[in-house]
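Single-structure report; data block below.
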Protein chains: 2
Amino acid sequence: MKFDDKIPIYYQIKNYIYRQIIVGELAPGDKLPAVRQLAVNLTVNVNTVQRALGELISEKIIEPQRGKGNFVTEDQGTIEKLKKLLITQQLQELYENLHQLNVTDTEIVSYLQDYIAKRKQVQ
Amino acid sequence: MKFDDKIPIYYQIKNYIYRQIIVGELAPGDKLPAVRQLAVNLTVNVNTVQRALGELISEKIIEPQRGKGNFVTEDQGTIEKLKKLLITQQLQELYENLHQLNVTDTEIVSYLQDYIAKRKQVQ
DNA sequence: CCTAGTGTTACATTTTACTATTACACTATA
DNA sequence: TATAGTGTAATAGTAAAATGTAACACTAGG
């Protein structure tokens, strides 16, 4: 996996697992790959994987079972809330960053529409 | 100044100066605060400021004059290009991150509109 | 010429993320 | 009960960002 060298790897792994859970690649109750396997897949160290998982455990997104593995929470509400939170965070980041560049509300929307339209042309 | 501890400080300083130039707080030809003064203002080390300025110099956004100071480029075109680049980068980041969460093009736009509408209510 | 203000650079040190390695604890199963 | 698969944790080492400090080079003005 390719990482952004401006952001801690453990943090990018955390978001990677967030995404898998939200899109259903990892369904509620599913067992995650073993930490050593994840480390190999992502070409990072076990401790780095563990640091990411540790935060997911604190947030009750996954539940560890010693000797068995890590499992996605069965609580669908938690996952729904997570998805909404992540979306809102993304929107907030865009909004604040563009406002700091003196872009107005209406411009933000129209710029986004232009951007999406341009993407479609290319594809 | 408050920094995000997930992103290098020098990088955040670079973006901070980008913003000041784009919104005109620093106009073309303006002299930036002295590096030691910037270090005090931002409560960071001179070398950290210098690292941020070094990249801005490489990008021709500012021009150093030894013994005098650092000056914003007089080339308005460079600044315009920079603004467009930053906006596009922000849009791309939002787009890709939300798509990874299985959010469709139309949903992205409507979520953004909702977000802006909600912000207005609060204010 | 001297001094204050400026950019530039170098060095040692500290901090943190990450790695490599090893060990320990628990579970399931042959 | 032995073994393989799992999570958990500790230790030591490396790399990069950031700091503290100092020195050097250039400019302007008295």
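All values below come from the heavy atoms of this structure, side chains included, with hydrogens, waters and symmetry mates left out. The chains referred to below are lettered A, B, ... by the order of the sequence lines, with proteins before strands, and numbering in each begins at 1.
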Using the C1' atoms of five pairs at each end, what's the angle between the two axes of the helix from C:dC1-D:dG30 to C:dA30-D:dT1, to 10 degrees?
0°

NZ/NE/NH1/NH2 to OD/OE distance under 4.0 Å, A:Lys14 and A:Glu59:
yes

Check for a donor-acceptor pair, side chain of B:Ser110 on one end and backbone N or O of B:Glu107 on the other, with a separation under 3.5 Å.
yes

Tell me the interatomic distance from A:Ile13, atom CD1, to C:dA17, atom P, rounded to whole angstroms.
13 Å

CZ of B:Arg51 versus P of D:dA17: gap in Å, rounded?
4 Å

Is any side-chain N of the basic residue among B:Lys120 and A:Asp105 closer than 4.0 Å to the acidic one's carboxylate O?
yes

Check this one for me: any side-chain N or O of A:Lys68 less than 4.0 Å away from OP1 or OP2 of C:dA28?
yes

Phosphate oxygens OP1/OP2 of D:dT19: is one of them under 4.0 Å from a side-chain N or O of B:Thr48?
yes

Walking DNA chain C from its 5' end, the first of A:Thr43 and B:Gln50 to be reached, judged by nearest nucleotide, is B:Gln50

Using whole Å, report how far CZ of A:Phe3 lies from C1' of C:dC18.
11 Å

Assert: residue with more 5' nearest nucleotide on DNA chain D, out of A:Arg36 and B:Val44, is A:Arg36

Would a distance-only check, ignoring hydrogens and angles, find a side-chain to backbone donor-acceptor pair under 3.5 Å from B:Asp30 to B:Leu26?
no

Length of the line joining B:Leu56:CG and C:dT8:P, which is rounded to integer Å:
12 Å

Send over the distance from A:Glu63 CD to D:dT8 P, rounded to a whole Å.
12 Å

Which residues satisfy the side-chain hydrogen bond (donor to acceptor under 3.5 Å, both in side chains) test with A:Arg36, sequence neighbours excluded?
none

Just how far, in rounded Å, is C1' of C:dT27 from CG of A:Asn70?
14 Å

Residue whose closest nucleotide on DNA chain C lies nearer the 5' end, A:Pro8 versus B:Asn45
B:Asn45

No-hydrogen, no-angle side-chain donor-acceptor test under 3.5 Å, A:Gln92 and A:Glu96
yes

Nearest whole angstrom, please: distance from the P of D:dG20 to the CD1 of B:Ile9.
11 Å

Can a side chain N or O of B:Asn47 be found less than 4.0 Å away from OP1 or OP2 on C:dT9?
no

Taken to the nearest whole Å, CG/B:Leu42 to P/D:dT19 is 10 Å

Can you list the residues that meet the side-chain hydrogen bond (donor to acceptor under 3.5 Å, both in side chains) rule with A:Glu80, with sequence neighbours excluded?
none

